[in-house]
Amino acid sequence: MVMADNGIFSLDGKLAVIIGGGGVLAGAMAAGLARAGADLAVVDCNREAAERRAASLRTLGRRAIALGADATSKHDLQRVLDVVLAEFGHVDILVNAAGINSGTPFFDIQEEEWQRILDVDLKSVFLACQVFGRAMVEAGGGGCIINISSASSGPPLSKVFTYGVAKAGVNQITQFLARELAPYHIRVNAILPGFFPAEQNRRLLTPERTATILAHTPMDRFGEPCELVGAALYLASDRAASFVTGAILRVDGGFGAVTI
């Protein structure tokens with residue numbers, strides 16, 4: 001087994017569970033954690049995507065398993081936990097990155113769409129924090145939870161009403177659990193990405209919307225998936241971020257710093 005030498009950012013001996021790990025942004029973060037020394041359990045509703053991601057992580061010299069699961073099902077998440085504990089014996093890092101989006105205008109949003117987005121983007125975070133957070137508490141060794149927020153979490157953005165509501169809830173879960181789990185030495189933080197084109201939002205990036213976004217982004221470009229890795233490594237490190245909990249870390253090219 002290859003052991004990484006990353007100093008203060010070393011994750012040697014850690015096991016990270018990546019919910020939604022088949023996605024592009026989650027995959028970049030998973031690779032970053034692997035290069036820092038972590039082993040990984042890649043969880044995704046698309047088992048084939050999870051398998052591909054785990055295979056790529058193994059080429060980095062890490063142990064990595066793939067698990068198909070519905071992140072909105074507590075039963076499925078408990079099954080994932082059981083497999084992970086049987087395989088690795090512990091969970092140290094949880095990354096909640098499952099997500100879907102829609103550009104449906106407000107008055108056209110159907111209840112089914114509203115509920116599905118809230119389930120995938122918010123309920124999944126709640127359930128995963130319950131299942132894996134409890135395991136961390138019971139193990140007594142501390143841990144780290146990283147939730148994925150969004151620039152749409154506030155102030156609200158146009159065209160992504162339900163998604164924005166869900167991500168605002170993710171911020172609340174993050175800060176509430178930071179207080180709740182601190183006595184157990186479990187840190188809970190969120191990464192708030194700006195605009196990173198991926199499959200779930202690419203259809204919303206019309207030329208007009210792209211121009212508006214870039215005009216509001218001081219760095220005048222979209223983010224690259226690899227640019228989330230540093231934030232993930234920082235928050236995952238017990239040494240680098242030992243006194244950091246309840247933080248919502250922006251990686252947005254300055255988008256959140258602009259008003260008029």
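Remember, predicted model here, so these are calculated numbers, not experimental data.
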J.: Is V83 reachable from L81 through a run of I, L, V, M, F, W or Y residues, each pair having side-chain heavy atoms under 4.5 Å apart?
T.: yes

J.: Just by modelled atom types, is the S56 backbone N or O under 3.5 Å from a matching donor or acceptor in the T59 side chain?
T.: yes

J.: Keeping R58 on the side-chain end and A64 on the backbone end, is there a donor-acceptor pair under 3.5 Å?
T.: yes

J.: Strictly distance-based, threshold 3.5 Å: is any side-chain N or O of T217 a donor or acceptor partner for the main-chain N or O of D220?
T.: no

J.: Inspect the surroundings of OH in Y184 and state if more than 12 heavy atoms from other residues, nucleotides or ligands are less than 6.0 Å away.
T.: no

J.: Hey, which of V95, L235, N96 is the one that makes side-chain contact (heavy atoms from CB on, under 4.5 Å) with I145?
T.: N96

J.: Where is the tightest heavy-atom contact between A128 and L77, given as atom of each residue plus distance?
T.: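 Shortest heavy-atom contact: N-CD1, 3.7 Å.
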
J.: Are the side chains of R52 and E48 in contact, using a 4.5 Å heavy-atom criterion?
T.: yes

J.: So, S10 side chain and G7 main chain: donor-acceptor pair closer than 3.5 Å or not?
T.: no

J.: Is any side-chain heavy atom of L122 closer than 4.5 Å to a side-chain heavy atom of F126?
T.: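 Counting from C-beta outward, L122 and F126 never come under 4.5 Å.
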
J.: So T72 and V120, side chain to side chain contact (heavy atoms under 4.5 Å, CB included) or not? Walk me through it.
T.: CA-CA 6 Å; T72 70; V120 174; 4.1 Å; yes

J.: For F132, does the six-membered ring have the charged nitrogen or CZ of R134 within the cation-pi criterion, i.e. under 6.0 angstrom from the centroid and within 45° of the normal?
T.: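 That pair does not qualify as a cation-pi contact.
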
J.: Show your reasoning for whether side chain to side chain contact (heavy atoms under 4.5 Å, CB included) applies to L11 and D238.
T.: CA-CA 9 Å; L11 300 178; D238 289 335; over 6 Å; no

J.: Going by atom types alone, do T162 and E113 pair a side-chain donor with an acceptor below 3.5 Å?
T.: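 The answer is no; no qualifying pair exists.
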
J.: Would you sort out whether R187 and S242 count as a side-chain hydrogen bond (donor to acceptor under 3.5 Å, both in side chains), showing the intermediate values?
T.: CA-CA 8 Å; R187 298 176 298 103; S242 58; over 6 Å; no

J.: Can you tell me if R221 uses its side chain to pair, donor with acceptor, with the backbone of L214 under 3.5 Å?
T.: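 Not a single qualifying donor-acceptor pair exists.
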
J.: In this structure, which one of L57, D39, L15 forms a side-chain contact (heavy atoms from CB on, under 4.5 Å) with R63?
T.: D39

J.: List the steps and the verdict of side chain to side chain contact (heavy atoms under 4.5 Å, CB included) for M136 and L181.
T.: CA-CA 10 Å; M136 292 177 187; L181 299 181; over 6 Å; no

J.: Indicate yes or no: at least one non-hydrogen side-chain atom of L94 is less than 4.5 angstrom from one of I146.
T.: no

J.: Below 4.5 Å, heavy atoms only, C-beta onward: do C144 and D92 meet side chain to side chain?
T.: no

J.: Give a yes or no on whether H75 atom NE2 has more than 12 heavy-atom contacts from other residues, nucleotides or ligands under 6.0 Å away.
T.: no

J.: Counting only heavy atoms from other residues, nucleotides and ligands, does the tally under 6.0 Å from CD of Q130 exceed 12?
T.: yes

J.: Is there a side-chain contact between Y234 and V244 (heavy atoms, below 4.5 Å)?
T.: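 With C-beta onward as the side chain, the pair touches.
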
J.: Looking only at side chains, do N171 and Q175 share a donor and an acceptor under 3.5 Å apart?
T.: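 Absent: no donor and acceptor within the cut-off.
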
J.: Could you tell me whether the side chain of E208 reaches within less than 4.5 Å of the side chain of T212, counting heavy atoms only?
T.: no

J.: Counting distance only, does the side-chain N/O of D44 pair as donor-acceptor with the main-chain N or O of G22 below 3.5 Å?
T.: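 Checked: pair present.
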
J.: Can you tell me how far the CD atom of E87 sits from the CD1 atom of I65, to the nearest 0.5 Å?
T.: 5.0 Å

J.: Are V24 and V43 co-members of a hydrophobic cluster defined by side-chain heavy atoms under 4.5 Å apart?
T.: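 Hydrophobic grouping puts V43 apart from V24.
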
J.: How about D76 and L67: do any of their side-chain heavy atoms sit closer than 4.5 Å?
T.: no

J.: So if you build clusters from Ile, Leu, Val, Met, Phe, Trp, Tyr with side-chain heavy-atom gaps below 4.5 Å, do M29 and L40 land together?
T.: yes

J.: With side chain to side chain contact (heavy atoms under 4.5 Å, CB included) as the test, would you mind laying out the steps for I148 and L25 before giving the verdict?
T.: CA-CA 10 Å; I148 305 303; L25 302 187; over 6 Å; no

J.: Please identify which of these residues, N189, T245, N147, meets the side chain to side chain donor-acceptor pair (under 3.5 Å) condition with T174.
T.: N147

J.: Do the side chains of L118 and I109 join up, straight or via other hydrophobic residues, at under 4.5 Å, putting them in one cluster?
T.: yes

J.: Between F255 and F195 (judged by ring centroids, cut-off 6.0 Å), do the two rings come close enough to count as a pair?
T.: yes

J.: Do F176 and V188 have side chains that approach each other closer than 4.5 Å (heavy atoms only, starting at C-beta)?
T.: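 Not touching, per the 4.5 Å side-chain cut-off.
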
J.: Charged N to carboxylate O under 4.0 angstrom, E51 versus R47?
T.: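 Salt bridge flag = yes for R47 with E51.
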
J.: Let me check something: do I100 and W114 share a hydrophobic cluster, defined by ILVMFWY side-chain heavy atoms less than 4.5 Å apart, either directly or through other members?
T.: no

J.: Within this structure, what is the OG-CD1 distance for the pair S150 and I191, rounded to the nearest 0.5 Å?
T.: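 Nearest 0.5 Å value for the OG-CD1 distance: 13.0 Å.
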
J.: If only atom types and distance count, is the side chain of H185 paired as donor or acceptor with the main-chain N or O of G143 below 3.5 Å?
T.: no

